[in-house]
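Below, all heavy atoms of this structure are taken into account, side chains as well, without hydrogens, waters or symmetry copies. Below, read A as the first sequence line, B as the second, and so on, with proteins coming before strands; counting in each chain starts at 1.
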2 protein chains.
Amino acid sequence: MVKVQGAQGDWRAARRRSARDAIVGAAWALVERDGLAALTLRDLAREAGITTPTVYAYFDSKTAIYDAMFGQAAEHFGDLMAAIPDSGDVRADLIEATYRFAEYCLHNPARYQLLFQRTIPDFEPSPQSYAHAVAALGRARDRLDKAGISEPRHLDLWTALTTGLVDQQISNDPGGDRWLRLVEEAVDMFLTHCASTSTAAVEAPKRKRARQ
Amino acid sequence: MVKVQGAQGDWRAARRRSARDAIVGAAWALVERDGLAALTLRDLAREAGITTPTVYAYFDSKTAIYDAMFGQAAEHFGDLMAAIPDSGDVRADLIEATYRFAEYCLHNPARYQLLFQRTIPDFEPSPQSYAHAVAALGRARDRLDKAGISEPRHLDLWTALTTGLVDQQISNDPGGDRWLRLVEEAVDMFLTHCASTSTAAVEAPKRKRARQ
DNA sequence: GTCTATAGCTGGATAGAC
DNA sequence: GTCTATCCAGCTATAGAC
C-alpha cells in the first residue's frame with residue numbers, strides 16, 4: 001500500500017488532523033479543570049471517548065501531547081495579539097491589548113502555565129512549536145513598536161509588568177479582579193515612564209551595581 | 001512509659017527537630033537541582049542518608065514535607081525582609097529591598113515556586129505554615145509603608161511589578177541579569193508614579209470598564 | 001484504527017524484625 | 001528509630017486480536 005497524494009490523501013490527512021484536534025481539545029478540558037500537571041493518559045482517553053492505545057495512534061508520547069498543546073496555545077495567542085485593533089490612540093490600544101492578554105491568561109490559566117511558566121518536568125517545546133511562540137511574541141513586540149515603545153529595556157519592563165499583574169491575579173485572587181483593575185493605572189505609569197526616558201541617552205547617574 | 005517534661009524531654013525534642021531539619025535540608029538540595037515537582041521520597045531518603053520508612057518516622061506524608069519546606073521558606077523570607085536596612089533614603093532602601101528579594105528568588109527558584117506560585121497539585125500550606133507567610137508579607141508591607149507607599153492599589157502594583165521582574169528573569173534568562181538590571185529603573189518608575197497619584201482622589205476620568 | 005489485556009515501572013506508604 | 005521487604009495504586013507504553 002503506497003501513500004497517494006491527491007484528494008484521498010488530503011481527506012485522510014484532514015480526518016487525522018481533526019482526530020488529533022479532538023484529543024488535544026479533551027486534554028485542554030482536563031487541564032483547565034485539574035491543573036496542567038494532573039493530566040494522565042487514562043483520563044485523557046476517557047474524556048476523548050477512546051482508549052489509551054488509540055491515543056498512541058495519534059501521538060508518540062505524552063510529551064508529544066503537551067507539545068501539540070503548546071503549539072496550539074501559542075498559535076491562538078498569536079492570533080489574539082494580531083487581532084488587537086489599531087486605533088491610533090496609543091494609550092487606548094495598549095490598555096486594550098493588556099486587557100485581552102490578561103483575560104486570555106485568566107480564562108485559560110493552564111495555557112498561561114504551559115506557555116509562560118516552566119513547570120512540567122522534562123517538557124521542552126519542540127523547535128516547531130516553539131516557533132509559534134516566537135512568532136506570537138514577535139507580534140506582541142510589533143504592537144508595542146507601533147506604540148512607540150521600541151527600546152529593548154522598555155520591552156522587557158513591559159513584559160515584566162504585564163505578566164506580573166496576571167501572575168498575581170491568578171495566584172492570589174483567582175476569579176476576582178484585584179490586579180486586573182490596575183491595568184489602566186499600570187499602562188499610564190509605564191507610558192509616562194517611557195515618555196520621560198526614551199530620549200536616547202538619559203542614562204541617569206545611577207550608582208553602578210554589579211550583582212548576580 | 002510516660003513522657004517526662006524537663007531536661008531530657010527537651011533534649012529529645014531538639015534531636016528530633018534537628019533530624020527533621022536534616023531531612024528538609026536534603027529535600028531543598030534535591031528540588032533546587034531537579035525541580036519542585038520531581039521530589040520523590042526514595043530520592044529524598046537516599047539524599048538524607050536514610051531509608052524511606054525512616055522519613056515516615058518524622059513526617060506523616062510527602063505533603064507534610066512540602067508543608068515543612070513552605071514554613072521554613074516563609075520564615076527565611078520574613079527574616080530577609082526584616083533585615084533590610086532603613087537608611088531613610090526611600091529610593092535606595094526600596095532598590096536594596098528589591099535586589100534582595102530578586103536575588104533570594106533567583107538563587108532559590110524552588111523556594112520561589114513553592115512560596116509564590118501554586119504548582120504542586122493537591123498541596124496547600126497548613127494554617128500554621130501559612131501564618132509564617134502572612135507574617136513575612138506583613139513585614140514587606142511595613143517596609144513599603146515606611147517608604148510612604150500605603151495605598152492598597154500601590155501595594156498591589158508593587159507586588160505585580162517586582163514578582164513580574166523576578167518571574168521573567170527566572171523563566172526567560174535564568175542565570176543572567178536581563179531583568180535584574182531593570183530593578184532601579186522599575187523602582188524609579190514606580191516612585192514617580194506614586195508621587196504623582198498618591199494625593200488622594202486623583203481618580204482621573206477613566207472610562208469604566210466592567211470585565212471578567 | 002480501535003479495542004482488550006497487560007507489561008514494566010515508579011510512586012507513596014506500611015508490616016514487622018531488630 | 002531504623003532497617004529489609006513488600007504492598008498496592010497509578011502511570012506510560014506496548015502486544016496482539018479484530
Side-chain angles (χ1 to χ4, degrees), chain A residues 1-4 8-27 30-31 33-69 119-124 126, chain B residues 1-4 8-27 30-31 33-69 119-124 126:
Chain A
M1 193 80 141
V2 176
K3 285 217 173 161
V4 181
Q8 204 183 65
D10 294 351
W11 220 64
R12 295 204 177 172
R15 274 192 72 81
R16 186 172 176 80
R17 228 174 298 128
S18 87
R20 279 176 62 102
D21 285 351
I23 293 173
V24 172
L30 285 178
V31 300
R33 205 188 57 199
D34 302 328
L36 198 57
L39 181 68
T40 73
L41 292 181
R42 288 201 214 291
D43 292 345
L44 172 55
R46 171 189 291 183
E47 177 79 17
I50 55 179
T51 59
T52 353
T54 304
V55 175
Y56 281 90
Y58 294 97
F59 295 95
D60 286 341
S61 69
K62 187 182 179 180
T63 304
I65 296 172
Y66 277 130
D67 195 58
M69 295 169 79
T119 175
I120 304 293
D122 299 329
F123 168 67
E124 257 188 289
S126 65
Chain B
M1 193 79 140
V2 176
K3 284 214 175 164
V4 180
Q8 204 181 66
D10 294 352
W11 219 63
R12 293 203 179 173
R15 273 192 73 80
R16 185 172 176 80
R17 227 174 300 128
S18 88
R20 278 175 64 100
D21 285 352
I23 292 173
V24 171
L30 285 178
V31 299
R33 205 188 58 198
D34 302 328
L36 199 57
L39 181 68
T40 73
L41 292 181
R42 289 202 211 298
D43 291 345
L44 172 55
R46 170 189 291 183
E47 178 78 17
I50 55 179
T51 59
T52 348
T54 303
V55 174
Y56 281 90
Y58 294 98
F59 295 95
D60 286 341
S61 68
K62 187 181 178 183
T63 304
I65 296 171
Y66 277 130
D67 194 58
M69 295 169 79
T119 176
I120 303 294
D122 300 329
F123 168 67
E124 256 189 290
S126 64

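- Residues that satisfy the side-chain contact (heavy atoms from CB on, under 4.5 Å) test with A/T52, not counting sequence neighbours, are A/L41.
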Would you mind writing out the side-chain donor-acceptor pairs for residues 16-27 of chain A within the sub-3.5 Å range, not counting sequence neighbours?
{"from": "A/R16", "atom 1": "NH1", "to": "A/A57", "atom 2": "O", "distance (Å)": "3.4"}
{"from": "A/R16", "atom 1": "NH2", "to": "A/A57", "atom 2": "O", "distance (Å)": "3.0"}
{"from": "A/S18", "atom 1": "OG", "to": "A/R15", "atom 2": "O", "distance (Å)": "3.1"}
{"from": "A/R20", "atom 1": "NH1", "to": "A/Y58", "atom 2": "O", "distance (Å)": "2.8"}

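- The phosphate of C/dT2 (OP1 or OP2) has no side-chain N or O of A/T51 nearer than 4.0 angstrom.
- The side-chain contact (heavy atoms from CB on, under 4.5 Å) search around B/A38 returns B/D34, not counting sequence neighbours.
- Nucleotide C/dG1 holds its P atom 12 Å from the CH2 atom of A/W11, rounded to whole Å.
- Following rounding to the nearest Å, B/L30 (CG) and C/dG11 (P) show an atom-to-atom distance of 12 Å.
- Within the 4.0 Å cut-off from OP1 or OP2 of D/dC3, at least one side-chain nitrogen or oxygen of B/T54 is found.
- Remark: A/D122 engages no residue in a side-chain contact (heavy atoms from CB on, under 4.5 Å) (not counting sequence neighbours).
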Practice prompt. Take A/Y66 and A/L39 through the side chain to side chain contact (heavy atoms under 4.5 Å, CB included) test and state the conclusion after the steps.
Written response: CA-CA 10 Å; A/Y66 277 130; A/L39 181 68; 3.8 Å; yes
Worksheet item: If the sugar-phosphate is the primed atoms plus P, OP1 and OP2 and the base is the rest, what is the B/S/- string for nucleotides 12-18 of chain C, using protein heavy atoms under 4.0 Å?
Response: BBBB---
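- At whole-Å resolution of the value, CG in A/D122 and P in D/dC11 are 18 Å apart.
- The nearest whole Å value for the distance from the CZ atom in B/R46 to the C1' atom in C/dG11 is 15 Å.
- A search for side chain to side chain donor-acceptor pair (under 3.5 Å) contacts involving A/S61 returns nothing, not counting sequence neighbours.
- Atom pair B/R20:CZ and D/dG1:P shows a separation of 11 Å (rounding to whole Å applied).
- Backbone-only contact: A/R16 has heavy atoms under 4.0 Å from sugar-phosphate atoms and none from a base.
- In this structure, B/I50 places its CD1 atom 10 Å from C1' of D/dG1, rounding to the nearest Å.
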